[in-house]
Asks: 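One structure is given below, represented as structure tokens, and several questions about it will come after.
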Amino acid sequence: MDLLHRRKINRKNEAASVELISLMYFYLSPSYIKTMFLEFKKEVEHLLKEALEKASYEYKELEAGLDLEESEHADIASRVAFPLARAYKQPPKIIAADIVNRLEIPAENTLISNAVAAGPYINFYANDFFLHKTLQRIKERIWVAEKKGKIIIEHTSANTDGPLHIGHLRNAIIGDVLVRVLKRAGFDVETHYYVNDMGRQIGVVVWGAERIAFDETKKADHAVADVYIAANRMVEENSDFLKGVEELMRKYEAGDEAVVKRYKAVVKKCLSGIKASLERLNIQHDLFVWESEFVRGGAVKEVIRELKQRGNIKFDGSALLLKLEGIEKELVIQRTDGTSLYTARDLAYHRWKSNRCDRVIDVFGKDHELVSQQLTKALQILGVKAPEFVIFEFVSLPTGSLSTRAGRYISADELIEKIEERAYEEVDKRRKDLVEDKKREIAREVGIGALRYDMVKVSPDKHITFDFKDALDIEKKGAPFIQYSHARACSILRTAEARGFSVTDYDAPVSLLTERSEKELITKLSKLEYVVEEAATALKPHLLAKYARELAESFNLFYKYCPVLNAEDELRKPRLVLVDAAKTVLSDVLHLLGAEAPEEM
RNA sequence: GGGCUCGUGGCUUAGCUUGGAUAAAGCACCGGCCUUCUAAGCCGGGGAUCGCGGGUUCGAAUCCCGCCGAGUCCGCCA
């Protein structure tokens with residue numbers, strides 16, 4: 001069907017021979033592949049296999065397969081000669097040369113220009129058709145090949161006892177970039193914030209709120225933190241107070257109306273402040289799920305009943321302990337006084353999530369790693385599929401670890417405030433010509449971008465010591481660097497349009513783009529979806545940050561070496577197309593990182 | 001004490017899953033480039049026993065073992 005449809009379109013358009021070849025290539029592909037780079041890689045694989053067969057090398061037994069890699073020396077390189085050298089007792093150099101001799105690159109319908117043996121390596125290079133198709137795809141904005149199913153991802157989920165601090169920020173930003181990447185990769189994604197409204201901390205805040213007035217002049221979550229810190233001090237000093245807190249918790253769990261009302265008011269107050277902070281960071285959740293719902297709805301009781309039936313349960317008085325395979329400590333799922341525990345509530349939440357999607361992903365701090373294992377094992381007993389975890393290491397301050405209770409934290413708001421202020425200084429210094437509002441807007445976009453980039457660029461399993469001076473250093477190659485490249489592209493396109501040049505004439509001959517920086521930029525552009533796929537599969541958002549920086553570098557080189565507006569007519573056309581495509585991809589990648597793509601800076 | 005993670009130029013990191021081409025960037029430092037589309041840019045330079053020791057391999061930052069250092073968890077907290 002699709003094939004016929006394509007053919008019809010094609011008949012109308014026979015003059016465009018490049019397009020014809022493209023469609024023929026389309027049929028030859030084993031299946032529709034959305035990324036040009038991957039398509040190129042597939043073809044390399046195919047030709048390489050053919051050559052290996054002709055030379056009677058048994059590549060199938062090789063563990064590493066064809067050993068393809070991205071390389072600085074070629075568009076794709078193969079190291080397959082190394083393992084073959086071992087198996088056939090020949091120098092890898094000879095084998096590589098032999099393979100290259102037998103390689104038959106088709107005269108047409110190909111993305112490969114040539115292949116060269118460089119010592120033991122076989123280097124493959126892309127041709128003009130590859131470049132053309134890459135730009136074409138970007139123009140058509142084709143990227144989603146198939147629907148891949150539904151994912152529920154939970155991130156941030158900070159306790160509602162105060163504002164978000166920089167530790168939560170890491171969770172939120174890693175989570176949010178993942179959400180964006182997974183959506184781009186074709187998943188239907190639902191984002192959850194799990195509201196821990198039943199914990200002791202919240203009990204302390206509610207208890208405190210009866211005795212200490214909220215400072216209404218402060219942002220809601222900060223006012224809650226003040227009460228929490230003060231109340232916590234009182235409770236620590238007087239054990240009678242602690243009993244009061246526990247009494248509240250019992251009543252809340254039992255559903256005492258007056259208490260529930262008070263709890264809701266406090267949690268919502270704090271949440272409103274947290275939501276405001278997240279919004280400034282371009283982070284949104286689809287659903288805020290309150291853990292108490294699982295208690296009152298009976299889901300927790302049901303989970304415990306099933307675990308009693310199917311799990312290895314130990315009774316310690318009236319408390320319930322669940323023995324999990326491979327884990328030393330038993331998991332306590334019910335207190336002696338019969339009230340529920342976060343573990344059981346979390347199990348109920350995860351079962352509920354699991355029933356509503358194909359994959360469950362949780363973004364957790366390193367301190368929750370054991371919990372994540374226990375969760376997996378316990379869910380297994382319940383017959384619920386295992387969630388996937390993205391575990392990130394801690395953020396600490398030069399003065400030590402973070403603690404809301406001790407008031408030792410840097411709030412997200414404070415950080416956002418300072419970084420926007422810092423960005424404003426830079427904008428103001430460079431752009432005296434802009435009106436105040438515009439300067440503020442750019443400062444906000446640059447500041448938030450810098451902050452987000454800073455948090456996401458580092459691998460999640462790396463411990464971070466937060467340094468204010470470093471975070472405020474806008475000048476380094478982070479988001480502003482990428483945004484600047486985008487602004488430069490926009491600037492060229494603006495001027496071009498003002499002079500009456502077409503910027504979207506994608507039929508302009510790409511074959512005129514022969515400069516190294518031009519080809520490298522296009523090759524870079526072709527890899528966005530490939531990187532998205534990698535980041536989505538491995539759940540590693542920092543891969544995207546790295547790609548974004550490299551893309552901006554490629555664009556800056558092109559910008560430096562290839563004048564666009566002042567090029568001759570014929571050359572200007574394809575260069576404008578390249579700038580337009582680069583702008584599109586830079587903008588896309590910035591949005592995937594959750595940063596804005598300002599048109600000028 | 002046990003589990004997990006990290007340790008790469010002065011500082012911050014990428015690369016480690018799947019071992020191969022001079023270990024790749026940024027910050028800082030030194031030197032160059034604005035009469036051409038935004039210099040938040042580009043080019044060049046110095047600077048790394050890839051924590052330490054052993055092992056596997058033709059080949060180890062990457063795999064295995066041991067040690068050292070940092071973080072984190074090992075609650076009827078969340």
Side-chain angles (χ1 to χ4, degrees), chain A residues 63-65 67 69 71-74 77 79 81-83 85-86 91-92 118-121 123 157 159 161 194 196 198-202 291 316-321 327-329 332-339 341-343 345-346 365-371 373 391-394 396 401 423 426-427 429-431 446 450 454 457-465 467 470 473-485 487-496 499 538 540 542-543 545-546 549-550 552-553 555-557 559-567 575 579 600-601:
Chain A
E63 267 181 47
D67 227 342
E69 62 173 1
S71 161
E72 53 189 301
H73 307 278
R79 297 179 301 224
F82 282 110
R86 187 197 299 260
Y121 299 90
N123 289 337
S157 302
N159 284 334
D161 55 13
Y194 187 49
N196 303 299
M198 302 200 73
R200 185 152 274 141
Q201 296 95 320
I202 309 306
E291 64 171 339
D316 183 1
S318 52
L320 289 184
L321 309 177
I327 297 176
E328 287 292 322
K329 281 275 186 209
V332 184
I333 53 173
Q334 186 175 295
R335 289 198 186 93
T336 305
D337 67 3
T339 57
L341 228 45
Y342 77 98
T343 46
R345 301 192 290 258
D346 226 6
K366 185 71 177 170
D367 55 339
H368 281 56
E369 196 174 44
L370 180 61
V371 169
Q373 288 166 10
I391 305 273
F392 65 94
E393 272 286 1
F394 267 45
S396 58
S401 57
E426 291 301 319
V427 178
K429 194 165 77 193
R430 290 162 224 263
R431 299 297 301 271
V446 168
D454 233 28
K457 72 175 182 192
V458 180
S459 167
D461 46 30
K462 220 93 163 185
H463 174 255
I464 291 179
T465 303
D467 182 347
D470 233 41
D473 186 4
I474 299 274
E475 305 243 319
K476 63 190 175 189
K477 277 196 182 177
F481 175 79
I482 303 154
Q483 289 169 321
Y484 184 64
S485 303
R488 278 177 144 182
C490 289
S491 173
I492 292 176
L493 297 172
R494 255 197 317 272
T495 313
R499 293 189 193 170
K540 287 182 176 173
H542 72 284
L543 297 179
K546 189 181 170 231
R549 201 205 66 228
E550 288 171 356
E553 271 168 6
F555 181 79
N556 282 332
L557 282 181
Y559 184 93
K560 167 80 178 172
Y561 293 112
C562 301
V564 178
L565 297 172
N566 295 326
R575 279 191 177 165
V579 173
E600 59 179 318
M601 282 174 71

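Every chain is numbered from 1, with letters handed out A, B, ... down the list of sequences.
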Asks: Ring stacking, A:Phe481 with base of B:rA40, under 5.5 Å and under 30°?
Replies: no
Asks: The side chain of A:Arg86 is closest to which nucleotide in this list: B:rA39, B:rC76, B:rG59?
Replies: B:rG59
Asks: Of A:Arg488 and A:Ala552, whose closest RNA chain B nucleotide lies nearer the 5' terminus?
Replies: A:Arg488
Asks: Contact class for A:Val427 (heavy atom, under 4.0 Å): base, sugar-phosphate, or nothing?
Replies: base
Asks: Tell me which nucleotide among B:rC37, B:rC16, B:rC42 gets nearest to the side chain of A:Lys462.
Replies: B:rC16
Asks: Convert the base pairs of RNA chain B into dot-bracket notation, remembering that pairs crossing earlier ones are written with [ ] and that bases paired across to another strand are shown as |; include only Watson-Crick or G-U pairs under 3.5 Å.
Replies: (((((((..((((......[...)))).(((((.......))))).....(((((..]....))))))))))))....
Asks: What contact category does A:Ser71 fall into here, base, sugar-phosphate, or nothing, at under 4.0 angstrom with non-hydrogen atoms?
Replies: base
Asks: Among the candidates B:rC76, B:rC43, B:rG71, find the nucleotide nearest to the side-chain atoms of A:Leu341.
Replies: B:rC76
Asks: Between A:Arg79 and B:rG20, is there a contact of a side-chain N or O with OP1 or OP2 at under 4.0 Å?
Replies: yes
Asks: Nearest heavy atom decides the nucleotide; on that basis, is A:Ser401 or A:Ala118 closer to the 5' end of RNA chain B?
Replies: A:Ala118
Asks: The side chain of A:His73 is closest to which nucleotide in this list: B:rU22, B:rU72, B:rC37?
Replies: B:rU22
Asks: For A:Leu341, give me all partners under side-chain contact (heavy atoms from CB on, under 4.5 Å), at least two apart in sequence or on another chain.
Replies: A:Val332, A:Arg335, A:Thr343
Asks: Within this structure, what is the NZ-CZ distance for the pair A:Lys457 and A:Arg549, rounded to the nearest 0.5 Å?
Replies: 9.5 Å
Asks: Say you pick atom P in B:rC6 and the same atom in B:rU17; how far apart are they, in whole Å?
Replies: 12 Å
Asks: Side chain of A:Ile474: nearest nucleotide among B:rA21, B:rC77, B:rA40?
Replies: B:rA40
Asks: Among B:rA25, B:rC73, B:rG20, which nucleotide has an atom closest to any side-chain atom of A:Asp367?
Replies: B:rC73
Asks: Need one value for A:Cys562: base, sugar-phosphate or nothing, where a base atom within 4.0 Å counts as base even if backbone is also close, heavy atoms only.
Replies: base
Asks: Looking at B:rG71, B:rU57, B:rC6, which one has an atom nearest to any side-chain atom of A:His463?
Replies: B:rG71
